[in-house]
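Working notes, beginning with the structure itself.
Only this structure's heavy atoms are used, side chains among them; waters, hydrogens and symmetry mates stay out.
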Amino acid sequence: MGELVERVDEFDRVVGVVERREAIERKWLHRIAVTVCRDTAGRVLVHRRPEGVSRFPGQYDWLVGGAVEVGESYAEAAARELAEELGVRAPVRHVFTFLCRGVISPYWLAVHEAVVVGDLAPDPGEVAWWGWLTEEELRRAVRRWEFVADGVVALERYPAAGRSGWVRGGRAGGRPRGGGAWCAGGGSGRWPPR
């Protein structure tokens, strides 16, 4: 049996337990929890997914997370995903939840924030590259590189973004252009070659 998730309705109420694969195939609502990771300087973690993964291969994202397991809260799932994908433990704070229509399936998306202190140990099966970007660098990156489309939707709704308007015009589904030098934690300090 595959990964089990709670199927939910348009009000985020549980209506059953199904395999995640089936929820995606049948376009059934389920729950996803993600976290915006910041360092102590306020920079945002951005990562690139490996080429060989089934969902969004080679695309960049500013969110870390995944499916909420059966019986798990959004916050518990967000904290678990941080540990699994980045090898860190950090308290998460809920920011907002919305019904995301999704590229591959609709779902309820709960966005959290966490301040990450210490070294990351990303799971190479989930993270091919990562780096810390200022909000200005993230704004430029979203316009230039291929980001997970659902992440761009969340970024447009993110309260910090709404106050400053720094994300309009993102390039969800586009290909990276250029290769600017950024302060990167996962390599040479330059965006990784494709």
Contacts of [X] that satisfy side-chain contact (heavy atoms from CB on, under 4.5 Å) - sequence neighbours left out:
{"X": "A114", "answer": "T35, L82, A90, V92"}
{"X": "P91", "answer": "none"}
{"X": "E25", "answer": "R21"}
{"X": "I104", "answer": "I24, R55"}

How many angstroms lie between [atom1] in [X] and [atom2] in [Y], if you round to the nearest 0.5 Å?
{"X": "R43", "Y": "L138", "atom1": "CZ", "atom2": "CG", "value": "13.0 Å"}
{"X": "R20", "Y": "E69", "atom1": "CZ", "atom2": "CD", "value": "10.5 Å"}
{"X": "L63", "Y": "C37", "atom1": "CG", "atom2": "SG", "value": "9.0 Å"}
{"X": "L120", "Y": "H47", "atom1": "CG", "atom2": "NE2", "value": "11.0 Å"}

- Pairs meeting criterion salt bridge (charged side-chain N to carboxylate O under 4.0 Å, His left out) with involvement of residues 121-134, two or more places apart: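 Of all non-adjacent pairs touching residues 121-134, those that pass salt bridge (charged side-chain N to carboxylate O under 4.0 Å, His left out) are R49-E126.
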
Taking side chain as C-beta onward, heavy atoms only, is [X] less than 4.5 Å from [Y]?
{"X": "F56", "Y": "V103", "answer": "yes"}
{"X": "V46", "Y": "W130", "answer": "no"}
{"X": "V34", "Y": "V64", "answer": "no"}
{"X": "E137", "Y": "V142", "answer": "no"}
{"X": "V44", "Y": "D39", "answer": "no"}
{"X": "R48", "Y": "V127", "answer": "no"}
{"X": "D150", "Y": "Y107", "answer": "yes"}
{"X": "H30", "Y": "S105", "answer": "yes"}

Closest approach of [X] and [Y], non-hydrogen atoms and distance?
{"X": "V53", "Y": "G125", "result": "CG1-O, 3.3 Å"}
{"X": "A83", "Y": "R89", "result": "CB-NH1, 3.4 Å"}
{"X": "P124", "Y": "P50", "result": "O-CG, 3.4 Å"}
{"X": "W132", "Y": "V116", "result": "CH2-CB, 4.1 Å"}
{"X": "A67", "Y": "E3", "result": "CB-OE2, 3.5 Å"}
{"X": "F147", "Y": "V152", "result": "CB-CG2, 3.7 Å"}

- Would L109 and T97 count as a side chain to side chain contact (heavy atoms under 4.5 Å, CB included) if you check the C-alpha gap in whole Å, the side-chain angles of each, and the deciding distance to 0.1 Å? CA-CA 5 Å; L109 180 63; T97 302; over 6 Å; no

- Query: Do the charged groups of E136 and R140 touch, with an N to O distance under 4.0 Å?
  - Reply: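 So E136 pairs with R140 through a salt bridge.
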
- Hphob cluster co-occupancy, V36 + V115, side-chain heavy atoms under 4.5 angstrom: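 In one cluster: no.
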
- Item | Hphob cluster co-occupancy, V70 + V15, side-chain heavy atoms under 4.5 angstrom |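 Different clusters.
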
List the residues meeting side chain to side chain donor-acceptor pair (under 3.5 Å) with [X], not counting sequence neighbours, and say none if there are none.
{"X": "R93", "value": "E113"}
{"X": "E6", "value": "R31"}
{"X": "R80", "value": "E72, E84"}

- Query: Checking side chain to side chain contact (heavy atoms under 4.5 Å, CB included) for the pair V17/R7: CA distance, chi angles, key distance, verdict?
  - Reply: CA-CA 6 Å; V17 174; R7 181 179 173 193; over 6 Å; no

- How does the hydrophobic cluster around V68 look, that is, which other residues are in it when side-chain heavy atoms under 4.5 Å mark a link?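 Taking Ile, Leu, Val, Met, Phe, Trp and Tyr as members, V68 shares its hydrophobic cluster with V8, V14, L29, Y74, L99, W108.
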
- Query: Which ILVMFWY residues are connected to W28, directly or by a chain of links, through side-chain heavy atoms under 4.5 Å apart?
  - Reply: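 Hydrophobic cluster check, W28: joined to V5, V18.
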
- Query: So L45 and R38, side chain to side chain contact (heavy atoms under 4.5 Å, CB included) or not? Walk me through it.
  - Reply: CA-CA 6 Å; L45 179 77; R38 292 184 179 268; over 6 Å; no

- Classify the angle between the aromatic ring planes of W145 and Y60 as parallel (below 30°), tilted (30 to 60°) or perpendicular (above 60°).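 Because their plane-to-plane angle lies in the 30° to 60° range, the rings of W145 and Y60 count as tilted.
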
- Item | Under the ring-ring contact (aromatic ring centres under 6.0 Å, His included) test, residues paired with H112 that sit two or more places apart |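 By the ring-ring contact (aromatic ring centres under 6.0 Å, His included) rule, H112 matches H94.
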
